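This is the structure I have questions about; it appears just below.
Given the structure is predicted, the values throughout are model-derived calculations rather than measurements. The first residue in the sequence is number 1, and the count goes up from there. Counting starts at 1 for both ligands and their atoms, following the listed order.
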Amino acid sequence: MTTYDNILVRQEGHVGVVQLNRPKALNALSSPLMKELLSALREFDTNSEVGCMVITGSDKAFAAGADIKQMAEASVVDMLNNPFLEYWDELTTAIKKPIIAAVGGWCLGGGCELAMACDMIVASEKAKFGQPEINLGIIPGAGGTQRLTRAVGKAIAMEMVLNNRTLSAQEAVQYGLANRVYPVETYLEEAIKLAEEIAVRAPVAVRLGKEAVNQAFETSLTEGVYVERRLFDMLFATQDQKEGMAAFVAKRPAEWQGK
Ligand code: DAK
């Protein structure tokens, strides 16, 4: 497995785990870190032993945002030319397997945007979600006004973006931003357990299920239902659909082939 400078990577069962590892900077997301993250996720995405991924940080910080020190002196042209943006875009479009964010502590700015770009969020009781860019004289730049608003609604999103309101883990679940909350001692283990459950399900159906749910954010209802129907029909060309239904009828567990 490739080793990196800013992240730690390991495989647990069928789960690829990526741990952001800039503890002194509270896992601030620098360009090198984002490049490494994308590279590690791509490696897991093409690894047939891996069915799901978990991105985590430390118990203190999932990530305290994009690296302010890196951005502080940037010009508009620097921002336009920096491949930083492409790394974020590719994270949501190029990775086909599901990704779970396991959020321990601070989950701010770009850190919150990174967690929201994942498919699910498992939080520790100490997690804090926020978009504090307003304190720096900017606004979120990687989905923080869009994914956040779709998740929590306009009222809460406006407070977070305009007035640096932070959400506790419980609030994040209550408002539909996070899936589950666990004690800080167990949230990562629980996230990996959830990822393992998903990882051993029918692989093609998992991939298309992720794609179909994500379509809900991109299209009208009519178009979205149309896309869903086409993906649904496509699954009837897989051996796994035959196996899944045969196993149900025979009252035995299904054995997925990913074919
Ligand atoms: N960047 C760089 N360093 C950071 C950092 C950050 N975001 N957050 C923390 N650090 C560093 C601190 O500078 C400090 O370093 P030293 O001074 O020791 O060298 C170290 O981490 C520990 O931080 P603190 O001493 O501040 O720790 P505390 O426990 O007192 O406070 C905190 C924790 C999380 C409340 C505090 O560190 C904090 O407020 N951090 C900044 C949070 C923030 O404003 N985040 C939003 C950043 S703007 C884009 C995509 C995304 C973005 C932009 C563009 N494109 C696609 C173009 C995103 C922008 C952002 O996220």
Side-chain angles (χ1 to χ4, degrees), residues 5-8 18-39 41-42 55-95 99 101-118 121 123-152 156-169 171-172 177-178 184 187 217:
D5 296 329
N6 299 282
I7 58 175
L8 299 171
V18 182
Q19 184 176 5
L20 311 179
N21 190 34
R22 296 186 71 207
K24 287 185 187 149
L26 302 184
N27 293 329
L29 305 168
S30 60
S31 295
L33 183 150
M34 288 301 292
K35 193 175 180 182
E36 290 182 4
L37 174 62
L38 187 60
S39 160
L41 294 174
R42 278 181 179 280
I55 303 177
T56 193
S58 69
D59 295 348
K60 176 153 193 210
F62 176 73
D67 193 321
I68 299 169
K69 291 166 190 168
Q70 180 190 316
M71 287 185 295
E73 299 301 326
S75 68
V76 63
V77 177
D78 293 334
M79 291 309 279
L80 285 170
N81 290 341
N82 197 316
F84 202 51
L85 185 63
E86 279 92 80
Y87 301 148
W88 290 83
D89 284 352
E90 286 187 47
L91 193 71
T92 49
T93 54
I95 306 299
I99 310 175
V103 175
W106 293 112
C107 187
L108 301 178
C112 191
E113 292 171 311
L114 172 61
M116 291 190 292
C118 296
I121 298 178
S124 94
E125 283 165 348
K126 295 196 173 152
K128 287 264 179 218
F129 297 84
Q131 298 289 162
E133 286 89 343
I134 198 75
N135 291 344
L136 303 169
I138 58 170
I139 64 170
T145 64
Q146 302 302 303
R147 289 197 184 90
L148 180 69
T149 307
R150 282 166 167 79
V152 305
I156 307 290
M158 281 292 187
E159 280 199 66
M160 292 176 73
V161 171
L162 304 186
N163 202 28
N164 189 26
R165 173 169 174 187
T166 54
L167 298 186
S168 67
E171 285 175 315
L177 183 62
V184 71
Y187 75 96
F217 298 100

Let me confirm one number: the CG-CE distance from Asn163 to Met158, rounded to the nearest 0.5 Å. 12.5 Å
For ligand 1 and Glu113, I'd like to know whether there is a polar contact (N/O to N/O, distance under 3.5 Å). no
Hey, what do you get for CG (Asn21) to CG (Asn6), rounding to the nearest 0.5 Å? 8.0 Å
Quick check on Lys24 - does any of its heavy atoms sit under 4.0 Å from an atom of ligand 1? yes
Asp67 near ligand 1 by a heavy-atom separation under 4.0 Å: yes
Side chain, backbone, both or neither: which part of Ala28 comes within less than 4.0 Å of ligand 1 when only heavy atoms are counted? side chain
Test of understanding: given a 4.0 Å heavy-atom threshold, classify the contact between Leu136 and ligand 1 as side chain, backbone, both, or neither. side chain
Selection from Thr166, Ile68, Leu114, Ile139 by shortest heavy-atom distance to atom 1 (N) of ligand 1: Ile68
Indicate, as side chain, backbone, both or neither, the part of Gln70 found under 4.0 angstrom from ligand 1 when only non-hydrogen atoms are considered. neither
Could you tell me the separation between the CD1 atom of Ile121 and the OH atom of Tyr187, rounded to the nearest 0.5 Å? 13.0 Å
Taking the side chain as C-beta and beyond, is there a heavy-atom pair between Ile55 and Cys118 under 4.5 Å? yes
Salt bridge (charged side-chain N to carboxylate O under 4.0 Å, His left out) partners of Glu125, counting only residues at least two apart: none
Just grab all the salt bridge (charged side-chain N to carboxylate O under 4.0 Å, His left out) pairs involving residues 19-34, residues at least two apart or on different chains. Arg22-Asp67
Any N/O pair Ala64/ligand 1 closer than 3.5 Å: yes
